[in-house]
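See below for the structure under consideration.
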Amino acid sequence: MPASRPAPALLYGTAWKEDRTATLTELAIRAGFRGIDTANQRRHYFEAAVGAGLAAVYRTGVVTRDALFLQTKFTYRGGQDHRLPYDPSADLATQVAQSIASSLEHLGTDYLDSYVLHGPASGRAWSDADAAVWAAMTRARDLGQTRRIGVSNVSLRHLAGLVASGVELPAFVQNRCFAELGWDRDIRAFCADRHIVYQGFSLLTANPEVLQHPRVRDIATRERATPAQVVFRFAVAVGMLPLTGTSDPEHMAQDLASHALKLTADEVRAIESLCG
Ligand SMILES: NC(=O)c1ccc[n+]([C@@H]2O[C@H](COP(=O)([O-])OP(=O)(O)OC[C@H]3O[C@@H](n4cnc5c(N)ncnc54)[C@H](OP(=O)(O)O)[C@@H]3O)[C@@H](O)[C@H]2O)c1
């Protein structure tokens with residue numbers, strides 16, 4: 001397995017694309033994305049089709065595997081439909097082993113860059129089940145099946161429970177990011193203190209009021225950009241690794257080009273506390 005390298009500045013998300021998954025994955029990589037997020041959860045993702053898209057770009061020589069950051073997830077039975085990537089009667093360690101083996105096969109690779117627990121077993125706290133899954137994910141990392149491990153859809157309480165259990169901390173936290181919560185301010189601070197990379201999703205869909213806000217629209221006009229681009233640029237400026245799942249080639253190009261926008265420190269601070 002090649003040495004660990006940093007994640008790209010923006011991840012392309014493959015949820016909800018069904019029959020368009022392979023084509024859109026290929027299009028995203030051709031557009032310039034180098035980070036791909038998926039999950040072995042057929043209900044919302046088509047991981048095997050992501051693998052087909054990857055195979056297409058490798059075939060045409062656009063990129064090689066080692067130029068990409070590939071991230072997928074382990075999803076508990078409760079978040080799945082009937083199309084399971086593991087035997088639901090097996091213990092959790094076996095389910096993780098089966099799910100990651102299936103992901104590697106779907107994605108046509110022998111290692112992942114990041115493997116994420118899609119969501120804790122309970123909304124309330126970090127549980128024994130989560131501890132068992134985390135131990136299995138850590139083993140997968142030690143076996144070289146993934147370079148790093150992460151968690152998603154977590155609260156500070158979940159993270160405190162993980163810390164209290166004395167285990168290795170995640171390399172990534174992936175959360176839905178609401179501007180009204182200061183863009184997940186508390187979790188981002190927790191992550192920043194521990195060198196954990198915070199991945200934000202639903203940056204546009206969770207925050208329509210930001211896209212309409214006069215301050216954001218003024219910045220967009222000045223930068224000859226769209227409010228969506230301002231949001232992605234802001235997210236990077238506060239240290240996030242944003243996800244976009246756009247299906248539109250023009251939006252793919254805009255999302256990637258957002259890094260060139262110039263926001264002042266005052267503007268970043270203003271957007272950070274625009275709604276909460
Ligand atoms: N861990 C989890 O539980 C979880 C949950 C949800 C999502 N995710 C991940 O995050 C990824 C992104 O999901 P998301 O919830 O952020 O939603 P999304 O799928 O990225 O949808 C964003 C919406 O914004 C639009 N959009 C994107 N770029 C735009 C631009 N430059 N200008 C205007 N509109 C733009 C898209 O429309 P167009 O398609 O027309 O551009 C789409 O309607 C998913 O694919 C998945 O990988 C993870």
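This chain uses plain numbering: 1 for the first residue, then up along the sequence.
Atom CZ of Arg20 has 12 or fewer heavy atoms from other residues, nucleotides or ligands within 6.0 Å.
Arg59 and Glu26 are not joined by a salt bridge, as no carboxylate oxygen comes within less than 4.0 angstrom of a charged side-chain nitrogen. With respect to the salt-bridge test (charged N to carboxylate O, under 4.0 angstrom), the residues Arg42 and Glu47 do not qualify.
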**OP:** Using the side chain to side chain contact (heavy atoms under 4.5 Å, CB included) rule, take Val116 and Thr72 through it: C-alpha gap first, then chi angles, then the decisive distance, then the call.
**Re:** CA-CA 6 Å; Val116 171; Thr72 188; over 6 Å; no
Original post:
Between Asp255 and Ser258, does a side chain to side chain donor-acceptor pair (under 3.5 Å) hold up when you go through it step by step?
Top reply: CA-CA 5 Å; Asp255 296 352; Ser258 63; over 6 Å; no
**OP:** Would you please test Ser127 and Ser122 for side chain to side chain donor-acceptor pair (under 3.5 Å) and show each step?
**Re:** CA-CA 7 Å; Ser127 64; Ser122 150; over 6 Å; no
Original post:
For Arg34 and Tyr12, what are the C-alpha separation, side-chain angles and deciding distance, and is it a side chain to side chain contact (heavy atoms under 4.5 Å, CB included)?
Top reply: CA-CA 8 Å; Arg34 291 296 176 262; Tyr12 184 70; over 6 Å; no
**OP:** Could you walk me through whether Val230 and Leu261 pass the side chain to side chain contact (heavy atoms under 4.5 Å, CB included) test, one step at a time?
**Re:** CA-CA 7 Å; Val230 174; Leu261 270 60; 4.0 Å; yes
**OP:** Walk me through it: do Lys73 and Tyr45 pass the test side chain to side chain donor-acceptor pair (under 3.5 Å)?
**Re:** CA-CA 10 Å; Lys73 312 186 191 83; Tyr45 297 78; 3.2 Å; yes
Original post:
Which is it for Thr75 and Asn40 under the side chain to side chain contact (heavy atoms under 4.5 Å, CB included) test, yes or no, and what are the steps along the way?
Top reply: CA-CA 7 Å; Thr75 311; Asn40 207 343; 6.0 Å; no
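When each of Gln199, Arg147, Arg148 is checked for a side chain to side chain donor-acceptor pair (under 3.5 Å) with Gln71, only Gln199 meets the rule.
In this structure, Arg65 satisfies the cation-pi test against Tyr111, with its NZ or CZ atom closer than 6.0 Å to the six-membered ring centre and inside 45 degrees of the ring normal.
A single hydrophobic cluster is not seen to contain both Leu143 and Leu92; linkage of ILVMFWY side chains at heavy-atom distances under 4.5 Å, directly or through other members, places them apart. Residues Leu181 and Val238 do not share a hydrophobic cluster, defined by chaining ILVMFWY side chains whose heavy atoms lie under 4.5 Å apart. In the hydrophobic cluster analysis, where Ile, Leu, Val, Met, Phe, Trp and Tyr join through side-chain heavy atoms closer than 4.5 angstrom, Tyr115 is grouped together with Leu169. Leu243 and Val236 fall into different hydrophobic clusters, where Ile, Leu, Val, Met, Phe, Trp and Tyr residues are linked whenever their side-chain heavy atoms come under 4.5 Å apart, directly or through other members. Grouping the Ile, Leu, Val, Met, Phe, Trp and Tyr side chains by contacts below 4.5 angstrom, directly or via other members, places Leu112 with Trp134.
Residue Arg43 comes nearest to Gly79 through the heavy atom pair NH1-O, 3.3 Å, listed as atom of the first residue, atom of the second, then distance. Closest non-hydrogen pair, Leu159 versus Val151, comes out as CD2-CG2, 4.1 Å. Scanning all heavy atoms of the two residues, the minimum distance from Ser155 to Ile187 falls at C-CD1, 3.5 Å. Between Ala235 and Leu203 the shortest heavy-atom distance is CB-CD1, 4.1 Å. Among all heavy-atom pairs drawn from His118 and Ser152, the shortest one is O-CB, 3.2 Å.
A distance of 11.5 Å separates CD1 of Ile100 from CZ of Arg139, quoted to the nearest 0.5 Å.
Side chains of Asp87 and Ser89: a donor on one and an acceptor on the other come within 3.5 Å.
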Please report, to 0.1 Å, the donor-acceptor pairs under 3.5 Å made by any side chain of residues 216-223, with sequence neighbours excluded.
unit_1: Arg217; atom_1: NH1; unit_2: Leu211; atom_2: O; d: 2.9
unit_1: Thr221; atom_1: OG1; unit_2: Arg217; atom_2: O; d: 2.8
unit_1: Arg222; atom_1: NH1; unit_2: Glu267; atom_2: OE2; d: 2.5
unit_1: Arg222; atom_1: NH2; unit_2: Lys262; atom_2: O; d: 2.9
unit_1: Arg222; atom_1: NH2; unit_2: Glu267; atom_2: OE1; d: 3.2
unit_1: Glu223; atom_1: OE1; unit_2: Lys262; atom_2: N; d: 3.0

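Residues Phe190 and Tyr198 form no side-chain contact, since every pair of their non-hydrogen atoms from C-beta on lies 4.5 Å or further apart.
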